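Just so we're clear, the structure is a prediction, and the values are computed from it rather than from any experiment. We use all heavy atoms of the structure for the numbers below, so side chains are in, but hydrogens, waters and symmetry mates are not.
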Amino acid sequence: MSIVGYYDGTAIRVNEPLPLNQKVIVIPVANDMDWEESAAGMLHQYANASLVEQEKDAWRKAMVEKHGGK
């Protein structure tokens, strides 16, 4: 789950209600982006290009290994 919010100078305000005692992690962002459209794109800088080819078929291979190709 991810929730977008903002810092108003006094407190961090979120756009959706959170359950009581919910643990949160706050990651400040330098610019105002549309997270729902660009969060994955922002993470591309951490991608290991040499592993991309292996990742393309990873889920299918894991299911074959887990279920024996049934």
Looking at D8 and R13, what are the two nearest heavy atoms and their distance?
OD2-NE, 2.8 Å

Is the CD atom of Q22 crowded by more than 12 outside heavy atoms at less than 6.0 Å?
yes

Euclidean distance, N48 CG relative to E55 CD, rounded to 0.5 Å
8.0 Å

Given the rule that I, L, V, M, F, W and Y join up when any side-chain heavy atoms are under 4.5 Å apart, are V26 and Y7 in one cluster?
yes

